[in-house]
Amino acid sequence: ATANIIKHGKRLQEWAGVPLLLENFNYHPTNAYDYICEPVQFGELISAIGCGVLLDLGHARISARNMPEWGGDVARYLSAMPLAKIREIHFNRPGWQRGQRVDLHQPVCLDDLEWLGWLLGRCPAEAVTLEIEEVDEPTLIAQLDLLRQFLKERGG
């Protein structure tokens, strides 16, 4: 599977003619993505393809929580990712279903901003994308204002 990802990643990058960013997956105990959710393995794929990273912060938080070897330690999980290769961050709040963290693209809260700040302080990301599910217009405007204010205070 790893060789296949590398082969197709290199081919896609060549065909596209623009920089390629590979997004991290979110782990659920199904064995389907065990090999790709490990940060070191993901970093090796990035290096082999020669591309950048679109880091989905929600996916990373889910994987850190759901993968037993990380024990919910999000900082340790993120620290093992190829931070220097991150060019874009997808930002949202993961949800909960049946005792597991899942990718529900919930509106963000103040504690989510702490994780975004932690990550921005350690990577050269050029873009942050607010990635939330369908919300009404006032909620979307409030979310955008919250993110804008946070980034402005950080000098971004």
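None of the values given here were measured: they were computed from a predicted structure. Any value given below was found using the heavy atoms of this structure, including those in side chains, with hydrogens, waters and symmetry copies removed.
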Group every Ile, Leu, Val, Met, Phe, Trp and Tyr by side-chain heavy-atom contacts under 4.5 Å, then state whether [X] and [Y] land in the same group.
X: W118; Y: I62; result: no
X: L110; Y: L120; result: yes
X: L78; Y: L113; result: yes
X: Y77; Y: L45; result: yes

Heavy-atom distance under 4.5 Å between the side chains of [X] and [Y], does that happen here?
X: R87; Y: P124; result: yes
X: C37; Y: F42; result: no
X: Q143; Y: I132; result: yes
X: H90; Y: L57; result: no
X: V53; Y: L21; result: no
X: L119; Y: L83; result: yes
X: E131; Y: D56; result: yes
X: I89; Y: T129; result: no

>> If the test is side-chain contact (heavy atoms from CB on, under 4.5 Å), which one of I86, L22, I6 qualifies with I46?
In response: L22
> Taking P138 as the fixed residue, which of I141, D136, L140 is the one that meets the side-chain contact (heavy atoms from CB on, under 4.5 Å) rule?
Replying inline: D136
> For E38 and M67, what are the C-alpha separation, side-chain angles and deciding distance, and is it a side-chain contact (heavy atoms from CB on, under 4.5 Å)?
Replying inline: CA-CA 9 Å; E38 276 297 333; M67 295 177 83; 3.2 Å; yes
Sidechain-backbone polar pair: [X] side chain, [Y] backbone, donor-acceptor under 3.5 Å:
X: R65; Y: Q100; result: no
X: N92; Y: Q106; result: no
X: T139; Y: V135; result: no
X: D73; Y: A64; result: no

Roughly how far, to the nearest 0.5 Å, is the [atom2] atom of [Y] from the [atom1] atom of [X]?
X: W96; Y: L104; atom1: CH2; atom2: CG; answer: 11.0 Å
X: L116; Y: F91; atom1: CG; atom2: CZ; answer: 4.5 Å
X: L54; Y: E88; atom1: CG; atom2: CD; answer: 4.0 Å
X: D103; Y: Q97; atom1: CG; atom2: CD; answer: 10.5 Å
X: W115; Y: D112; atom1: CH2; atom2: CG; answer: 10.5 Å
X: K7; Y: I5; atom1: NZ; atom2: CD1; answer: 12.0 Å

> Is atom CD of E69 surrounded by more than 12 heavy atoms (other residues, nucleotides or ligands) closer than 6.0 Å?
Replying inline: yes
If you take all heavy atoms of [X] and [Y], which pair is closest and at what distance?
X: C51; Y: K85; result: O-CD, 4.1 Å
X: R93; Y: V108; result: N-CG1, 3.9 Å
X: A60; Y: N24; result: N-ND2, 3.5 Å
X: A48; Y: K10; result: O-CE, 2.8 Å
X: R61; Y: V74; result: CG-CG1, 3.9 Å
X: N26; Y: S63; result: CA-OG, 3.5 Å

